[in-house]
Amino acid sequence: MTAPAPTVVAVDIPSDVDGTSEGLRGVMAIPVGEGPWPGVILVHEAFDINDNMRRQVQRMAEAGYLAIMPDLFSQGGARKCLMATFRALSTGRGRAFQDIEAARRMLLARPDTTEKVGVIGFCMGGGFALALASGRRYDVSSVNYGRFPKDADAVLADACPVVASYGGRDRSLTNAAAKLDALLTRNGIPHDVKEYPHAGHSFLNEEEEGAPALRPVMRMILGAGPNPEAAADAWARIEAFFGEYLR
């Protein structure tokens, strides 16, 4: 008999961190069986928490991690929050970072989690995952087609271990994998960085993102879209890397 899969459920996230969104919410999945489990904070793409993102939350729970994804657009939706969220990512501070921290504290306050916490992000969330690797609040970070923070060498000087994946067809992040590999090597940070030549942006997703009218443009510029072969290899690397630093 096949074991039941973890269920992704909506949650309210306590706003006990200054500067968080009003009515902060998100989604969570708990592994099947008995804990405690290591925790993972997931940071969503620019298209908010959709079916692709819920599947990523479920996948982390299936791998044995208590997984929470805060909705960075809780206070007004993507239309009102998107620019402010990208501004926070650019400056390294702001409400989005506070929302993520509130989710991390919620996770650590649960009796069914260990003290180990990782962070994983996709697209916009990949940029947050890379920025959050600094400061040692997380034990490991998975960066998936994420942009670099400003002054990346200085920001990542004390980073936690990083596993990162980029698509070679993503023209918005040309040579990002090689640059990140070199940066982490200079700083002596344990890492596993890989570029997939035939994949593009968002290749870990199972379905295409965005309005149908925009998808041809996204495919042309970003090479955006699923790539099951690259995704399978990237997930294997992520799970092995997280297993090394969170178990």
Side-chain angles (χ1 to χ4, degrees), residues 5 8 10 25-27 29 41-60 62 67 69-90 96 99-100 119-131 142-149 163-180 193-239:
V8 179
R25 58 187 180 271
V27 294
I41 298 297
L42 297 95
V43 191
H44 59 76
E45 296 184 335
F47 293 105
D48 208 347
I49 299 178
N50 54 21
D51 287 344
N52 276 318
M53 294 297 99
R54 289 184 183 90
R55 279 192 285 269
Q56 313 299 34
V57 174
Q58 184 178 52
R59 184 178 189 111
M60 294 311 299
E62 289 173 345
M69 177 179 282
D71 184 351
L72 303 186
F73 304 153
S74 290
Q75 193 171 321
R79 187 168 296 180
K80 290 185 178 180
C81 298
L82 184 62
M83 294 306 297
T85 303
F86 271 105
R87 189 160 52 246
L89 179 58
S90 177
D99 289 350
I100 296 167
V119 60
I120 180 171
F122 311 90
C123 177
M124 177 188 77
F128 279 102
L130 188 54
S142 174
V143 179
N144 299 291
Y145 23 93
R147 295 186 176 279
F148 289 27
V163 54
S165 300
Y166 291 87
R169 295 179 59 218
D170 184 353
R171 288 192 282 172
S172 72
L173 291 165
T174 302
N175 296 325
K179 293 174 184 176
L180 182 58
V193 179
K194 185 171 181 176
E195 179 179 281
Y196 294 90
H198 301 295
H201 205 75
S202 299
F203 72 85
L204 287 169
N205 290 341
E206 293 183 14
E207 299 174 354
E208 287 191 89
E209 300 269 43
L214 293 177
R215 290 175 185 175
V217 177
M218 293 173 65
R219 285 194 293 267
M220 180 176 64
I221 297 174
L222 305 177
N227 186 307
E229 183 178 354
D233 184 80
W235 277 117
R237 291 172 41 245
I238 291 165
E239 291 176 10

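- Residues satisfying the salt bridge (Lys or Arg N to Asp or Glu O under 4.0 Å) test with E207, not counting sequence neighbours, are R55.
- By the salt bridge (Lys or Arg N to Asp or Glu O under 4.0 Å) test, R169 pairs with no residue at all, sequence neighbours left out.
- For Y196, the ring pair (Phe, Tyr, Trp, His ring centres under 6.0 Å) test picks out F203, with sequence neighbours left out.
- A donor and an acceptor atom, one from each side chain of N52 and E45, are nowhere located under 3.5 Å apart.
- Here D48 pairs with nothing under the salt bridge (Lys or Arg N to Asp or Glu O under 4.0 Å) rule; sequence neighbours left out.
- Taking R219 as the reference, E208, R215, P216 meet the side-chain contact (heavy atoms from CB on, under 4.5 Å) condition, with sequence neighbours excluded.
- Screening V43, N205, V8, L42 for a side chain to side chain contact (heavy atoms under 4.5 Å, CB included) involving M53 leaves a single residue, N205.
- Contacts of K179 classified as side chain to side chain donor-acceptor pair (under 3.5 Å), with partners at least two apart in sequence or in another chain: none.
- What you find for A234 and L204 is that their closest heavy atoms are CB-CD2, 3.8 Å.
- Taking the side chain to side chain donor-acceptor pair (under 3.5 Å) definition, one finds that E195 meets it with nothing, sequence neighbours left out.
- Here T174 pairs with nothing under the side chain to side chain donor-acceptor pair (under 3.5 Å) rule; sequence neighbours left out.
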Side-chain donor-acceptor pairs of residues 74-84 under 3.5 Å, sequence neighbours excluded:
residue : atom : partner : partner atom : Å
S74     : OG   : R25     : N            : 3.2
S74     : OG   : D71     : O            : 2.7
Q75     : OE1  : E22     : N            : 2.7

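- Partners of D170 according to the side chain to side chain donor-acceptor pair (under 3.5 Å) rule, which considers only residues two or more places apart in sequence or in another chain, are S172, H201.
- Sequence neighbours left out, the pairs with a member in residues 223-237 that pass salt bridge (Lys or Arg N to Asp or Glu O under 4.0 Å) are D192-R237, K194-D233.
- Under the rule for a side-chain contact (heavy atoms from CB on, under 4.5 Å), the partners of A96 that lie at least two apart in sequence or sit in another chain are L72, T85, A88, F128.
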